[in-house]
Amino acid sequence: MQPEVVHPAEGKPMNFTQIYFGGDYNPEQWPEEVWAEDARLMQQAGVNLVSLGIFAWARIEPRPGAFDFAWLDRLMDLLHAHGVAVNLATPTAAPPAWMVRLHPEMLPVTADGVTLWHGSRRHYCPHNPDYRRYARRVAAALAERYKSHPALAMWHVDNEYGCHVGECFCPRSTAAFRDWLRARYATLAGLNAAWGTAFWSQTYTDWEEIEPPRAAPAQKNPAQQLDWARFTSDSWLACFQEQRDVLKAAAPGVPVTTNFMSFHRPIDYFEFARHEDVVSIDSYPDTSDPGWAAVSAMTFDLIRSLRQGEPWILMEQAASQVNWRQRNAVKKPGVMRLGSLQAVARGANGILFFQWRQSRAGAEKFHSAMLPHAGTESRTWSEVQALGRELPRLNALLRGRAEAQVAILMDWNNWWALELDSKPSNDLKLLPGLRAWHRALYRRNIPVDFAHPESDLSRYRLVIAPHLYLVSDAAAANLSAWVERGGVLLMDYFSGIVDPNEQIRPGSYPAPFRGLLGLEIEEFVPYSPEGRNSVLTADGRRFETRFWADVIHLRGAEALARFEQDYFAGSAAVTRNAYSRGSAYYLGAELEPAGLEWLLERVLGEAEVQPVLAGLPEGVEAQRRADSQREWLFLLNHNAFPVRVRLPAGGRDLLGGQAVGGEIELPAAGAAVIETVIDRSRP
Ligand code: GLA
């Protein structure tokens with residue numbers, strides 16, 4: 001039996017006809033004389049899509065209900081005349097000052113009761129009915145005005161939901177939380193049981209007694225906090241959905257998106273993505289970190305996974321530096337191009353920037369842009385122009401998908417629960433674990449998806465489950481069934497501990513996976529920052545461990561490595577359990593990187609997973625996109641020196657425009673996209 005996909009996407013995937021290239025365009029910051037130059041330079045740079053009006057609410061609706069579209073009409077026409085399509089934004093991430101004055105209770109309030117005022121952006125409570133009414137109204141006015149404009153290509157709703165203000169604790173939010181809880185539990189008895197309120201006399205006898213998890217004297221109820229996180233995530237989605245519905249009612253065929261923010265804790269992106277027509281993401285790796293490309297690869301692998309591999313859009317990246325780090329590194333020559341091609345390699349059909357023209361005023365005036373303060377006589381402009389000329393060469397691969405045989409499990413519910421306080425170690429966070437596995441696979445050029453634990457895993461040979469602390473019955477059954485059918489599972493410590501109410505699953509740890517893993521865990525042993533242990537593997541390797549150790553009793557699994565120190569010396573640290581047609585590995589320690597490599601080598605071998613290309617020089621990234629007829633091998637040289645790469649087959653380098661044989665030389669920071677026709681006669 002195939003498990004059901006729990007996150008089926010709504011609607012049809014967006015139909016791309018070209019690779020989009022452009023950025024956020026904020027013309028309201030400039031006198032009108034500049035617009036003509038903008039349009040001319042956009043054309044020169046090959047820009048074919050801009051996200052327009054994202055923060056222009058005060059200009060679009062200068063007084064309540066009085067819309068000024070004349071300037072936007074002129075811009076839409078101007079852009080269209082220059083071949084630039086518009087991703088028209090609803091400006092609802094920056095409510096105007098008049099609205100705040102009329103409805104000061106729309107301002108968000110922190111857990112400590114502090115109000116966040118006007119004077120920046122995203123200063124709204126997602127539950128405020130006045131704000132929501134105004135947001136629907138401006139979206140409807142824009143939709144009505146521009147639904148048939150030939151420049152309109154898609155809608156961009158709001159901007160980075162949950163950014164800056166992830167949650168709001170005002171009285172409206174409190175009332176909305178109570179409504180959400182009533183809908184979830186129906187009865188107070190149900191809520192009291194789910195929240196375990198017998199503990200510390202927290203029992204509720206009236207819905208009005210329930211509050212958000214505000215600042216409190218000591219640890220807060222974990223189930224209350226978890227439901228608060230779910231409620232908050234649902235609230236941002238509701239804000240999006242009602243605008244989407246307004247836009248769809250006016251222009252049913254125009255795709256709707258909102259820009260996501262990498263691994264962003266306040267919102268369950270798996271759930272959210274289902275309600276968009278195409279997913280898009282903003283990515284700002286710190287390129288002063290030599291490992292930046294692994295960071296952005298992880299972001300891109302997440303966004304591709306949210307709608308099961310459909311093409312997506314890189315909605316924002318920096319042409320060079322950002323303004324919001326302590327020190328804002330430039331993107332050195334070639335780096336912006338490499339990062340852009342990396343996104344296409346991992347499934348993007350659009351490469352856009354924040355922003356088109358660098359601001360002269362405001363908080364982001366030192367943030368780079370496609371057109372910098374230095375103007376067209378600049379390195380950044382040259383690199384932007386060159387990329388704009390180059391991307392159309394890749395239009396052939398719009399329907400090509402980047403597929404993976406390995407998945408790392410990711411569930412926002414687990415993320416929220418794992419990082420609540422009062423754990424054996426409060427230093428255990430989800431992302432470092434995800435990153436460690438992803439990075440190890442990235443370095444081997446093995447494509448990876450992120451998969452929800454309840455989703456259909458049948459396309460994967462290897463599934464890695466880092467710290468899957470909270471697990472539903474459906475997810476546990478899904479994983480066991482997938483291993484039964486022959487999958488290779490690698491689970492690591494602190495998995496299978498609580499149910500979706502954040503309550504310990506009965507029986508010894510890890511209750512839902514004991515049979516699958518063939519072991520029981522008696523206790524968790526977190527270490528101080530200086531604490532160390534080591535493991536000796538059955539094949540004679542020794543690796544240091546730190547941070548965490550599980551005291552494991554084998555119940556059928558074999559030990560692949562055993563601890564060498566502490567009172568549980570000699571007990572298993574790494575195990576393998578043959579389970580029906582598959583096998584389940586378990587790692588009960590924090591292994592040093594060389595140890596992770598040793599373990600990966602073994603599981604990849606058993607799962608028969610191959611890299612995109614074997615034998616690549618260090619620092620060369622390889623990814624593949626393919627449709628039914630052709631495949632495209634992306635080679636990105638992240639080194640500051642040239643490398644030679646041996647190719648499995650000759651083809652045509654779409655970037656260089658020439659045929660390549662059995663070998664190709666990539667210059668420093670160079671790239672190639674080699675197109676080959678798939679030989680269907682091969683098995
Ligand atoms: C985010 C926002 C943009 C801009 C950039 C700056 O991605 O969506 O409006 O502020 O950050 O890096």
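Order of appearance sets the numbers: ligands from 1, and atoms from 1 within every ligand. All residue numbers in this chain count up from 1 along the given sequence.
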Determine, step by step, whether H264 and Y161 satisfy the side chain to side chain contact (heavy atoms under 4.5 Å, CB included) criterion, reporting the C-alpha distance in whole Å, the side-chain angles of both residues, the deciding distance to 0.1 Å, and the verdict. CA-CA 10 Å; H264 180 51; Y161 277 111; over 6 Å; no
Carefully, step by step, assess V256 and V157 under the rule side chain to side chain contact (heavy atoms under 4.5 Å, CB included). CA-CA 7 Å; V256 182; V157 174; 3.6 Å; yes
Please walk me through it: do L434 and M410 pass side chain to side chain contact (heavy atoms under 4.5 Å, CB included)? CA-CA 8 Å; L434 254 60; M410 170 69 197; 3.6 Å; yes
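Looking at E364, H164, E160, M261, it is E160 that brings a heavy atom closest to atom 1 (C) of ligand 1. When Q317, E316, H367 are ranked by how near their heavy atoms come to atom 2 (C) of ligand 1, first place goes to E316.
The ligand atoms of ligand 1 that sit less than 4.0 angstrom from a heavy atom of D282 are 7 (O), 8 (O). Under a 4.0 Å criterion applied to the non-hydrogen atoms of N159, ligand 1 contributes the atoms 2 (C), 8 (O), 9 (O). Those atoms of ligand 1 with a heavy atom of F55 less than 4.0 angstrom away are 9 (O).
Here the CZ atom belonging to R625 is positioned 9.5 Å from the CZ atom belonging to R304, to the nearest 0.5 angstrom.
Protein heavy atom in closest approach to atom 9 (O) of ligand 1: R121 NH1, 2.9 Å.
Cation-pi contact between R122 and W236: present, with separation from the ring centre below 6.0 Å and deviation from the ring axis of at most 45°.
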